[in-house]
Amino acid sequence: MTSGHNPKARFGMSLQAASESANFSITNGPALPVVNFAAVGKTAPTLLATPSGKLPKASAVVITWASAEWAALQHVFCASSATMPYSDRAQGSWPGWEKYSSNLPSGAPSSWSYWGYYRLVQIGGNPVLLFKSNTHLDWPGATYLKALIDLLIKEVGPKLILSVGTAGGAKPQDHVGTVRAVSAGTLYESGEAQSSWPEYKNAWKGSNTLLTNANFNKLLFPVPTKTADLQKLCSQFNAQYHTTYTLAELDPGGLALGSPSPQIDNQTGGGTSLLTASTFVVGSTSGTYQTYACIEMDDAVIGEACAASQTPYGFVRNLSDPAQSAALPPKVQGNWGSAVYDAYGLYTSYNGAVAAWAMLAWESA
């Protein structure tokens, strides 16, 4: 993870607290599998020469955010012919990716020195730019995130910007690993009526052609949640935070157990929105935010930036932590969500990356 942004900020942690918090894991986590693109009649993305210091032209930009998300994107789009070990979820660099630090705005924080990393691949007949962002709504801030999107639109000239990554559950029925794709984002504004929160939406609609292919499930990897592992995670949690919660108290609906076949919901088209927040906002079993697809930390700002140039955009978000128990104190909700994210974020991100590829593979055919 970068020094400035940490996805645990979504759970209400400061950057210092996030860096000092425990990194929860499961024992003997299975490797990500080889991706069998041939099962749906497609070939793996092809690696293209990636220029240094200059963003290349591409038909689409796929942006991801945290380390586990980056590892999954690297695996699906760049190295799908071999398995990826569970330990790689914390990798801070990958071969062939270039750092982008050109055109930094004046007055930027001294601790923020680059926009992110990028790599060029080909899907079907079209080039696609993969981008691991070091620029976020929570840090260094919305102004810089909008500037990044403006730069990508100007330099790359994409027909689509697709944000891919983890999110928190907003719907009480969604299990860990559920993937929800939308093309609208609502920006949470503390102290303002929910009905007045700004929404940014567009008509881009991802095709279901590959998602509904009879063999598409062969590409997915069920999130390897087991009750025994979650019990151990609960014990780790209690030891870390000096609490005595049972697993049933932390996860009353069993939402931290993944579905046997990961749920992929394509809700693109602008009718359904996700919720973007830079502060502590966690969905719970009370259903406060259940009208939204999920809760995350960047996408509505991307939609706002894309609207100025009418660049189509979409968001493919995987639930690395489901809705939390409404009976728990907010801090406990956040800490448990963070623990589930740590343990299973690589696996949920893998299925999100496969879903994003499926949409791009169809568009690039």
Side-chain angles (χ1 to χ4, degrees), residues 1 6-27 29 65-69 86 89-90 138 165-178 180 188 223-259 275 277-290 292 294-297 317-349 352:
M1 297 179 187
N6 191 306
K8 292 182 181 180
R10 179 159 51 80
F11 307 112
M13 297 186 188
S14 66
L15 295 174
Q16 179 178 353
S19 66
E20 294 174 353
S21 66
N23 289 315
F24 295 92
S25 63
I26 57 174
T27 303
W65 308 94
S67 296
E69 302 164 0
Y86 179 58
R89 71 192 189 284
D138 71 310
T166 54
K171 300 179 183 300
Q173 72 273 20
D174 280 355
H175 285 251
V176 68
T178 299
R180 292 194 175 276
Y188 176 91
V223 182
T225 49
K226 300 177 182 178
T227 300
D229 286 338
L230 289 172
Q231 290 284 6
K232 292 178 182 177
L233 194 65
C234 176
S235 297
Q236 293 177 41
F237 180 90
N238 284 325
Q240 171 68 21
Y241 295 110
H242 309 291
T243 53
T244 57
Y245 291 107
T246 66
L247 179 59
E249 289 174 312
L250 292 170
D251 183 33
L255 298 180
L257 283 169
S259 301
L275 184 62
S278 62
T279 55
F280 180 45
V281 176
V282 174
S284 76
T285 52
S286 67
T288 304
Y289 303 113
Q290 64 183 337
Y292 299 102
C294 58
I295 303 169
E296 57 74 58
M297 296 188 68
R317 289 287 177 170
N318 64 85
L319 302 192
S320 57
D321 47 288
Q324 301 299 308
S325 171
L328 297 175
K331 186 173 182 180
V332 176
Q333 294 178 25
N335 288 341
W336 177 245
S338 173
V340 175
Y341 165 88
D342 279 347
Y344 297 106
L346 175 69
Y347 301 116
T348 66
S349 294

* Asked: Does Tyr86 reach the main-chain N or O of Ile26 with its side chain, forming a donor-acceptor pair under 3.5 Å?
  -> yes
* To do: Quick one: pull up NE2 in His175 and OG1 in Thr348 and give me the separation to the nearest 0.5 Å.
  => 15.0 Å
* Structure fact -> With sequence neighbours left out, the residues meeting side-chain contact (heavy atoms from CB on, under 4.5 Å) with Ser235 are none
* Nearest heavy-atom neighbours spanning Gln290 and Pro172 -> OE1-CD, 3.7 Å
* Structure fact -> The reported gap from CG in Leu275 to CD in Glu296 (rounded to nearest 0.5 angstrom) is 8.0 Å
* Distance in Å, Thr285 OG1 paired with Gln333 CD, rounded so as to fall on 0.5 Å steps -> 7.5 Å
* Structure fact -> Sorted by chain and residue number, the side-chain hydrogen bond (donor to acceptor under 3.5 Å, both in side chains) partners of Arg180 (sequence neighbours excluded) come out as Asp174, Asp265, Gln267
* Asked: Would you say the side chain of Trp336 lies within less than 4.5 Å of the side chain of Asp251, judging by non-hydrogen atoms?
  -> yes
* Can you list the residues that meet the side-chain contact (heavy atoms from CB on, under 4.5 Å) rule with Thr225, with sequence neighbours excluded? -> Val176, Val223, Leu257, Tyr344
* Could you list the residues that satisfy side-chain hydrogen bond (donor to acceptor under 3.5 Å, both in side chains) with Ser349, not counting sequence neighbours? => none
* Asked: Taking C-beta and beyond as the side chain, do Val340 and Pro322 meet within less than 4.5 Å on heavy atoms?
  -> yes
* Taking the side chain as every heavy atom from C-beta outward, state whether Leu230 and Thr227 have any atom pair closer than 4.5 Å. => no
* Which residues share a side-chain hydrogen bond (donor to acceptor under 3.5 Å, both in side chains) with Gln173, sequence neighbours left out -> none
* Please name all residues satisfying side-chain hydrogen bond (donor to acceptor under 3.5 Å, both in side chains) with Ser284, sequence neighbours left out, ordered by chain then number. => Ser286
* Asked: Do side-chain atoms of Asp321 reach the backbone of Tyr341 as a donor and acceptor pair under 3.5 angstrom?
  -> no
* Structure fact -> Interatomic distance, CZ@Phe24 vs CG@Asn335, rounded to 0.5 Å, equals 7.5 Å
* To do: Tell me, with the steps shown, if Thr166 and Asn318 meet side-chain hydrogen bond (donor to acceptor under 3.5 Å, both in side chains).
  => CA-CA 5 Å; Thr166 54; Asn318 64 85; 5.3 Å; no
* Do Leu319 and Cys294 come close enough that some side-chain heavy atom pair is under 4.5 Å? -> yes
* How many angstroms lie between atom NZ of Lys232 and atom CG of Leu247, to the nearest 0.5 angstrom? -> 13.5 Å
* Structure fact -> Output for pair (Leu250 CG, Leu255 CG), nearest 0.5 Å, gives 12.5 Å
* To do: Might you point out which heavy atoms bring Asp342 and Arg89 nearest each other, and give the distance in Å?
  => O-NE, 3.5 Å
* **Nearest atoms (heavy-atom pairs only) where Phe237 meets Ala339** => CD1-CB, 4.4 Å
* Taking C-beta and beyond as the side chain, do Ile295 and Tyr289 meet within less than 4.5 Å on heavy atoms? -> yes
* Would you find a donor on one side and an acceptor on the other, under 3.5 Å apart, between the side chain of Glu249 and the backbone of Ala327? -> no
